[in-house]
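Only one structure is covered here, and it is reproduced in the block below.
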Amino acid sequence: MTGIRLHAPRPGWSVDADVVVVGSGVAGLTVALRCAAAGAHVTVVTKALLDDGSTRWAQGGIAAALGEGDTPEQHLDDTLVAGAGLCDDEAVRTLVTEGPDAVRRLIATGAQFDTDAETGAILLTREGGHHRRRIAHAGGDATGAEISRALVEAVRAAGIETIEHALVLDLLKDEEGRAAGVTLHVMGEGERDGVGAVRARAVVLATGGMGQVFSATTNPAVSTGDGVALALRAGAEVSDLEFVQFHPTVLWLGPDAEGQQPLVSEAVRGEGAHLVDADGHRFMVGAHELAELAPRDIVAKGIMRRMQELGAEHMYLDARHFGAEMWEHRFPTILAACRAHGIDPVTEPIPVAPAAHYASGGVRTDLTGRSTVPGLYACGEVACTGVHGANRLASNSLLEGLVFAERIAADVTEALREPGAPPRPATTGTTTGTTTGTTTGTGTGTVLAGPKARLEIQRIMAEGAGVLRSRESLERATAELARIDEDAAAALEAPGTESWEATNLLLVARVLVAAALRREETRGCHWREDAPDRDDAWRRHLLVTLRPDRTLSVSTTETAAFPSAAAPTPHPPTNGAEPRSTT
Ligand code: SIN
């Protein structure tokens, strides 16, 4: 146990559960529903409202081998190609073979996908990297919103306890170092406000991504890397954080646009839209056999390259040939977003540029979602199961959340039945200080970054660790982040939501930059201008843990497969580099 935790008041209230699920996207709510169906007492805590996470914003859809002639094997092949040599084969096989039935169970839970009016068959579209139509969608381009609606309704119908507006702070552990719940801060007034604790026998992190670490992102404001930061402070291993996927086609709103930006789904290209420069030239044709439907990293790089060549701030996505009716029926969300910004895709090309979209890395887990801390699970974008490798295949993320949520639920409910299962924490009502059987009152409070640090971190990351990176830009980012950390130590910021979020962003930014600096090659969505080629010696993962003195330990795996045990790896030698380092 590292003993590092956020500087926060002691919990003033507590509740007990068998399982606490942190996050309410497809992953979190699926775990909650399956655990509750197996008889477990589940509490879901979520940072805003139940449907406010990233899932709601997913447009394109959910990929699974559901179509005639498609097979898990073909889905596996496309996933491995996109992952650029770093996928864990077993994790991908699990995803693609269990995926189709997991989608059918999601439909049975109430999610309504778009179907053919005559045959009733699920309509499938294409996205980058898929060699066939494999993406199920709902409401045209509102797939995530429909999945979220169905799961939220099911959770409410099942009577699962939920705590909204709750920012998770830190992991509680028992005397053996097992996860025993979380501390959290509930914003607003009510029965449970301020800092409290949910004590539970298993903790499932499903907190989503960390897109807010960059200035411009498709992620909502709540995506501040809270789960990864919590896991690091709790001593868990994280992996692959250097692989940030930049979505190629995000609506360009000007050079200074900040925060969440409107996504223009790959499905628009899947249905035949063209990427063009200001002269109307289709620059992806000839650059890759799949042209605009090449894997996402290749398209993002193609756009960036053309922007550099022309000194342009963006490229264009041209789908005027769809016509008004298709735009209105197939892509109503995107059409409305474009029109809200004064662009009519029916009559003009859409200005687009890449923006931060998805963290392929996260809390390292095994195939049952277990992290390296006993009793702590991770699922969805916060997790690194090995499925995505160096670049996630489009629309694999909802599927990953679904499949691994079900696996976690099976593992947790099985563990709760075992005779040696950790006892349910005693119900003692309101606590102050040390919670029964758990440690909240000990450990080193970490320094807090001030609220203003958020914008600064975003600027540093956009400039130093964005789509194009180099040793020089990453070293500059390292130094600037270290300066923010030193300022935080000197300033003694008061605890509060903005400071906790900024502190989480600072920690995940440090890890991301350390890993990106160490990986001296270009692979998947990690693009080093000073090391432009893929290097086979780097077909391995970078694993990072946080030391008690808050420095980072960075090591590598021996191969692209994760070590089978979920225990922290013994830090094997690297390819000529130092086996461990302090950052
Ligand atoms: C999109 O619709 O382009 C996003 C889908 C994804 O991120 O998988």
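Remember, it's 1-based here, ligands and their atoms both numbered in the order they're listed. Atoms considered below: every heavy atom in the structure, side chains included; atoms not considered: hydrogens, waters and symmetry mates.
Contacts classified as side chain to side chain donor-acceptor pair (under 3.5 Å) and involving residues 55-68 (residues at least two apart or in different chains) are given here: Asp52-Arg56.
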### Query
Could you go step by step and tell me if Gln112 and Arg149 meet the side-chain hydrogen bond (donor to acceptor under 3.5 Å, both in side chains) rule?
CA-CA 10 Å; Gln112 292 174 10; Arg149 180 207 60 76; 5.2 Å; no

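The residues Arg528 and Glu521 are annotated as not salt-bridged, no charged nitrogen and carboxylate oxygen being separated by less than 4.0 angstrom.
For His274, the ring pair (Phe, Tyr, Trp, His ring centres under 6.0 Å) partners are His321, not counting sequence neighbours. Residues satisfying the side-chain contact (heavy atoms from CB on, under 4.5 Å) criterion with Ser24, sequence neighbours excluded, are Leu29, Val44, Thr46, Leu50.
Ile122 is listed as a side-chain neighbour of Ile107, based on a closest heavy-atom distance under 4.5 Å.
Contact residues of ligand 1 (protein heavy atom closer than 4.0 angstrom to a ligand atom; sorted by chain and number): Gln59, Gly60, Glu127, His247, Leu263, Ser265, Glu266, Arg296, His357, Arg392, Ala394, Ser395.
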